[in-house]
There are 2 protein chains.
Amino acid sequence: MRPTVHDIAAAAGVSLATVDRVLNQRPGVRHVTREKVETAIRDLGYVRDVAAANLAKSRVYPLIFILPASDNSFMHGLNAEIRAAIARSTAERTDIRIVEVPAFDPQALVRELEALAAEKPSGIALVATDAPDVRAAVDRLVKDGIPVVTLVSDLTGSLRHHYAGVDNIAAGRTAARLLGRFLGGAKGEIAILAGSMLVRDHRERLEGFAAVMAHEFPALHLLSVLEGRDDPEVAHMLIADALGKNDGIIGIYSLGAGNRGLVRALKEKAVDRTLTVIAHELTAHTRAALLDGTIDAILNQDAGHEVRSAIRVLKAKADGLAVIDAQERIRLDIFLKDNLP
Amino acid sequence: MRPTVHDIAAAAGVSLATVDRVLNQRPGVRHVTREKVETAIRDLGYVRDVAAANLAKSRVYPLIFILPASDNSFMHGLNAEIRAAIARSTAERTDIRIVEVPAFDPQALVRELEALAAEKPSGIALVATDAPDVRAAVDRLVKDGIPVVTLVSDLTGSLRHHYAGVDNIAAGRTAARLLGRFLGGAKGEIAILAGSMLVRDHRERLEGFAAVMAHEFPALHLLSVLEGRDDPEVAHMLIADALGKNDGIIGIYSLGAGNRGLVRALKEKAVDRTLTVIAHELTAHTRAALLDGTIDAILNQDAGHEVRSAIRVLKAKADGLAVIDAQERIRLDIFLKDNLP
DNA sequence: CACTTTTTGATTTACGTACATCAAATTTGG
DNA sequence: CCAAATTTGATGTACGTAAATCAAAAAGTG
């Protein structure tokens, strides 16, 4: 049987009340007594029964998810997964709220973070915009003792407790190798469609992609990045234009959203030529395109896993508990038409 | 606030004791009264607080994992993951035991299943050997009310509650497409190294692989399957021999274990030729081979996820609760040298 | 109707922890 | 050494459920 508070009290030769004072860092315990209790805790290997503690406290974990107000499939999916988590709230003792902030607006994000800090939630998950002010705001939250997890896009150099998202440099590198190998030594040009170079995850994907391309596939020449602002219409225009103007294009890497426009452009302009296309994020559109051969591979991050992982980590941090690292690593999914879920 | 048993008692106009009798299907409740209570439960949307219930019951979940006594990296890894779960036992209220049975021996497995049924555990996870007797034994367990999950290798057609493993047909198909695309239209022969065609997962991988190869890559010719019995020595011998005898081999698909032998053979015999190699299961050996270019891609199933998923599902089934399907889907990991964890 | 059997209610204890209160003991300051 | 302040103990209640006991009420039987 695992030891209880009673066992500690007995072992330390103190009363239950004193053990409670030590465990919950309440005042009114002499230093020597506190040490006696702590020794007993260590000797017996006591670990607080979180379920019982939460029951006694009628504890709920108020969590906040801060998302950019972007109108693309991926963000919609993320939103849906958070709402699914909200539906599980009672069973998981969470109280989750979604807060939307204007996209690509560090100041708005900072203001929101400041405002939320006052609520003293059990934890905050945010899709980070990469800016010094945001980093500083996050660091303040952490120093105030509020667990913070970055979601989808990280904030390196900040004190955030955890990042629930994929390694985007690795994603870019993987895309490059897949594209390079699929093209099997052919010579030609590669078009790159991004959302915006202002977003860290897109920058990182490009960085990884370009590095592997340069190093391992010198026969492939990268055209300058097309910024589609994750908008299907803009993406369509850019890709249609590029394909019309440049016959040398044999591959496309789409590292952002707005792939509906990409697919449409491909169907219009590329019926007569063989293009190898790698895109990010599995949506209804990219899935269909993968199945009909318009896209050759899709790299994906599972929004559901990211949300569930963020919640688990925030709860654990709020309780000062450890997490299972391997369980919280968000993997880069590679989908070919054969292994779609 | 979520409703409690007290609320139900009040709503149904009965006492707490009666509610308890209904909730825990104890006898001594008239049909009409039971219905009144069940109506109240539905109307109020009551869900039992599992944490509180487990606390009151001092419940632990006795779980049993049945594994084949095979001496390969994958099984060692699986074992290690179960032991890691055992280390978390107190926190998760589980009491997990590992039982080893001789590999490829349906009768031994059946005998073990019969013996374990008597213990009435909260759940059983097993690496299934695909045989009618095993299927029947599993069905008996399920009919006795014991939750059963197949692990790594499924038992289709049985009543098992869940399968914690990858879709092996999809894995084979994916391997075929990767190999075919990586070979970029070249003409040649493909060697296939399996463990044993008596194991369902290996059969399924081959089936998927052969289907896509025949349909989409007719320029590639499959040599007859080499059965390495998941043994590095045998694998080494078979591959070295095949490479020595056949100059036309341009690709290899290793769908089982024993890849240490494969890698050694490649380093000895294939320094002067370009081979594209796809293998299963990420181990220290395959990882090194992927990084140094001996292997081009590794397909993997995460043993840690499989074990944790099996435990979650067994606990949920024991409590009659639903699981989050997406969370329990074991994904096929595709590793290139760029996205290794 | 009396009687047995079944059903229901009322109440208590328990699980492991949190938290509050009040009294008693101990330490500290003057 | 006394008073004040601090530290500790003892005790009770609560969280939501399980499980047991015993009494009371209702239903069924002849």
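Every chain is numbered from 1, with letters handed out A, B, ... down the list of sequences. Computation of the quantities below employed the complete heavy-atom set of this structure, encompassing side-chain atoms and omitting hydrogens, waters and symmetry-equivalent molecules. Note that the structure is predicted; figures quoted are calculated from it, not measured.
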Grab the [atom1]-[atom2] distance between [X] and [N] for me, whole Å please.
| X | N | atom1 | atom2 | answer |
| --- | --- | --- | --- | --- |
| B:Arg59 | C:dG16 | CZ | P | 16 Å |
| A:Arg30 | C:dA25 | CZ | P | 15 Å |
| A:Ile8 | C:dA18 | CD1 | P | 10 Å |

Subject >> B:Arg135 versus B:Leu155, closest heavy-atom pair with distance >> reply: CA-CD2, 3.9 Å
Original post:
Backbone N or O of B:Glu35 within a donor-acceptor pair of the B:Thr39 side chain at under 3.5 Å?
Top reply: yes
**OP:** Verify, without hydrogens or angle tests, whether B:Thr94 (side chain) and B:Ile96 (backbone) share a donor-acceptor contact under 3.5 angstrom.
**Re:**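 Answer holds: no.
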**OP:** Measure from NZ or CZ of A:Arg160 to the centre of the six-membered ring of A:Tyr163 and say whether it is under 6.0 Å with the direction within 45° of the ring axis.
**Re:** no
Original post:
Side chains of A:His162 and A:Arg312: is there a donor and an acceptor less than 3.5 Å apart?
Top reply: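 No pair is found: no donor N or O on one side chain lies under 3.5 Å from an acceptor on the other.
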Subject >> Heavy-atom side-chain contact between B:Asp302 and B:Asp333 under 4.5 Å >> reply: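 Of all side-chain heavy-atom pairs linking B:Asp333 with B:Asp302, at least one is under 4.5 Å.
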Grab the N/O contacts between the protein and nucleotides 16-25 of chain D below 3.5 Å, and write none if there aren't any.
residue	atom	partner	partner atom	Å
D:dG16	N2	B:Ala52	O	3.3
D:dT17	OP1	B:Tyr46	OH	2.7
D:dT17	OP1	B:Asp49	N	3.3
D:dT17	OP2	B:Val5	N	2.9
D:dA18	OP1	B:Asn24	OD1	3.4
D:dA18	OP1	B:Arg48	NE	2.6
D:dA18	OP1	B:Arg48	NH2	3.0
D:dA18	OP2	B:Asn24	ND2	3.3
D:dA19	OP2	B:Arg26	NH1	3.2

Original post:
Taking only side-chain nitrogens and oxygens of A:Ser15, does any of them come within less than 4.0 Å of OP1 or OP2 of D:dT8?
Top reply: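 Looking at the OP1 and OP2 atoms of D:dT8, neither is under 4.0 Å from any side-chain N or O of A:Ser15.
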